[in-house]
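Following: one structure in structure tokens, then a few remarks.
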Amino acid sequence: MTGDRVLVMDFSDAVAEVLFRLEPGDVVTYGEVAAEAGHPGASRAVGNLLRRTEGLPWWRVVASNGRLAPGHEPRQTELLRSEGVAVENGRVVVENRAERGGSP
DNA sequence: CCCCTGACTAGAA
DNA sequence: TTTCTAGCCAGGG
């Protein structure tokens, strides 16, 4: 019963909880975090929170298009790669082997 | 209460 | 493919 332990959590706390639940090698988008935190659509607020808050696994959060955080691409790339995440040209490589322009 | 900023997103050009 | 615009949300002054 009351499996929900969601006590009046502030936006910041809710987002932080979701972030800390992530495991090494896991990557999520701002929108996913916002929705998981109980604030769907607040993707922008999530980005702002990561920018103002420290101690959070911000590198595990990327944009919906796989883009990394502006100004932190090099650092985020190294962190993600160190966890086994494939990153290329400031972008998280998704299981998307279609349309690629280059070598089919 | 009002105004502005921002590590966003989806869609159009 | 890249660039721009409009819309949405929370925090801070």
Side-chain angles (χ1 to χ4, degrees):
Chain A
M1 46 96 82
T2 76
D4 324 51
R5 33 207 86 236
V6 306
L7 273 72
V8 45
M9 257 207 304
D10 282 358
F11 178 75
S12 310
D13 291 343
V15 173
E17 184 67 45
V18 174
L19 295 174
F20 284 113
R21 284 192 184 187
L22 299 173
E23 310 176 23
D26 193 1
V27 180
V28 296
T29 68
Y30 296 92
E32 287 291 292
V33 177
E36 287 293 309
H39 292 253
S43 53
R44 231 170 170 178
V46 173
N48 277 351
L49 184 64
L50 289 175
R51 176 174 73 80
R52 301 167 47 56
T53 309
E54 300 179 47
L56 297 173
W58 58 272
W59 60 91
R60 300 196 219 251
V61 185
V62 302
S64 62
N65 58 338
R67 222 2 175 187
L68 301 183
H72 296 275
E73 295 180 33
R75 194 165 310 188
Q76 190 166 15
T77 299
E78 291 186 65
L79 285 161
L80 289 171
R81 282 186 178 179
S82 67
E83 299 200 340
V85 179
V87 183
E88 198 58 63
N89 195 20
R91 288 225 199 179
V92 175
V93 180
V94 190
E95 291 88 61
N96 193 340
R97 53 267 269 295
E99 260 56 46
R100 200 160 327 127
S103 40

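Computed over heavy atoms, backbone and side chain alike; hydrogens, waters and symmetry mates excluded. Naming: A, B, ... by sequence-line order, numbering from 1 per chain.
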Task: C:dC8 OP1/OP2 closer than 4.0 Å to side-chain N/O of A:Ser43 - done: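 Answer is no, no contact under 4.0 Å.
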Open item on the list: With a 4.0 Å limit, can you tell me whether A:Arg51 has a side-chain N or O closer than that to the phosphate oxygens OP1/OP2 of B:dA7?
Closed with: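 For A:Arg51, the contact criterion (side-chain N or O under 4.0 Å from OP1 or OP2 of B:dA7) is met.
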- [ ] Can you measure from CG (A:Asn89) to CD (A:Glu73) and round to the nearest 0.5 angstrom?
- [x]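 So the gap between those two atoms works out to 8.5 Å.
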- [ ] Would you give the length of the straight line joining atom CG of A:Leu49 to atom CG of A:Leu19, rounded to the nearest 0.5 angstrom?
- [x]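 Answer rounded to 0.5 Å: 7.5 Å.
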TODO: Show your working on side-chain contact (heavy atoms from CB on, under 4.5 Å) between A:Leu80 and A:Leu68 and close with a plain yes or no.
DONE: CA-CA 10 Å; A:Leu80 289 171; A:Leu68 301 183; 3.8 Å; yes
Candidates [options] - which lies nearest the side chain of [X]:
| X | options | value |
| --- | --- | --- |
| A:Phe11 | C:dG11, C:dT2, B:dA7 | C:dG11 |
| A:Trp58 | B:dA7, C:dT2, C:dG11 | B:dA7 |
| A:Ser12 | B:dT5, B:dA10, C:dG11 | C:dG11 |
| A:Ala63 | B:dA7, C:dC9, B:dT9 | B:dT9 |
| A:His72 | B:dT9, B:dA7, C:dC9 | B:dA7 |

What is the distance, to the nearest angstrom, from the [atom1] atom on [X] to the [atom2] atom on [N]?
| X | N | atom1 | atom2 | result |
| --- | --- | --- | --- | --- |
| A:His39 | B:dC8 | NE2 | C1' | 16 Å |
| A:Asp13 | C:dA10 | CG | P | 14 Å |
| A:Leu50 | B:dC8 | CG | P | 10 Å |
| A:Leu49 | C:dG12 | CG | C1' | 13 Å |
| A:Leu80 | B:dA7 | CG | P | 18 Å |
| A:Leu19 | B:dA7 | CG | P | 16 Å |
| A:Leu79 | B:dA7 | CG | C1' | 14 Å |
| A:Tyr30 | C:dA10 | OH | P | 17 Å |

TODO: From the options A:Arg67, A:Glu32, A:Gln76, select the one residue that forms a side chain to side chain contact (heavy atoms under 4.5 Å, CB included) with A:Val62.
DONE: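 Option passing the side chain to side chain contact (heavy atoms under 4.5 Å, CB included) with A:Val62: A:Gln76.
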- [ ] Find out whether A:Trp59 and A:Val27 are in side-chain contact, i.e. whether some heavy atom of one side chain is under 4.5 Å from a heavy atom of the other.
- [x]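 Result no, sub-4.5 Å side-chain heavy-atom pair not found.
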- [ ] For residues A:Pro57 and A:Phe20, determine if any side-chain heavy atom of one lies less than 4.5 Å from a side-chain heavy atom of the other.
- [x]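 Yes, at least one pair of side-chain atoms sits under 4.5 Å.
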Open item on the list: Need one value for A:Ala42: base, sugar-phosphate or nothing, where a base atom within 4.0 Å counts as base even if backbone is also close, heavy atoms only.
Closed with: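 Sugar-phosphate: the residue A:Ala42, judged by heavy atoms under 4.0 Å, touches backbone atoms but no base.
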Open item on the list: Counting Watson-Crick and G-U wobble pairs with both distances under 3.5 Å, what is the dot-bracket string for DNA chain B, 5' to 3', using [ ] for crossing pairs and | for pairs to another strand?
Closed with: .|||||.||||||
Open item on the list: Please give me the minimum heavy-atom distance between A:Ala34 and A:Ser43, naming the atom from each residue.
Closed with: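 The pair with the smallest heavy-atom distance is CB-N, 3.8 Å.
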Open item on the list: Regarding A:Glu83 and A:Arg60, does a basic nitrogen lie under 4.0 Å from an acidic carboxylate oxygen?
Closed with: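 Between A:Arg60 and A:Glu83 there is a salt bridge, with a charged N closer than 4.0 Å to a carboxylate O.
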TODO: Would you mind telling me which residue lines up with the more 5' stretch of DNA chain C, A:Asn48 or A:Arg91, judged by nearest nucleotide?
DONE: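 Nearer the 5' end of the strand: A:Arg91.
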Open item on the list: Between the base of B:dG6 and the side chain of A:Arg52, is one N or O donor paired with an acceptor at under 3.5 angstrom?
Closed with: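 Checked by distance alone, the answer is no.
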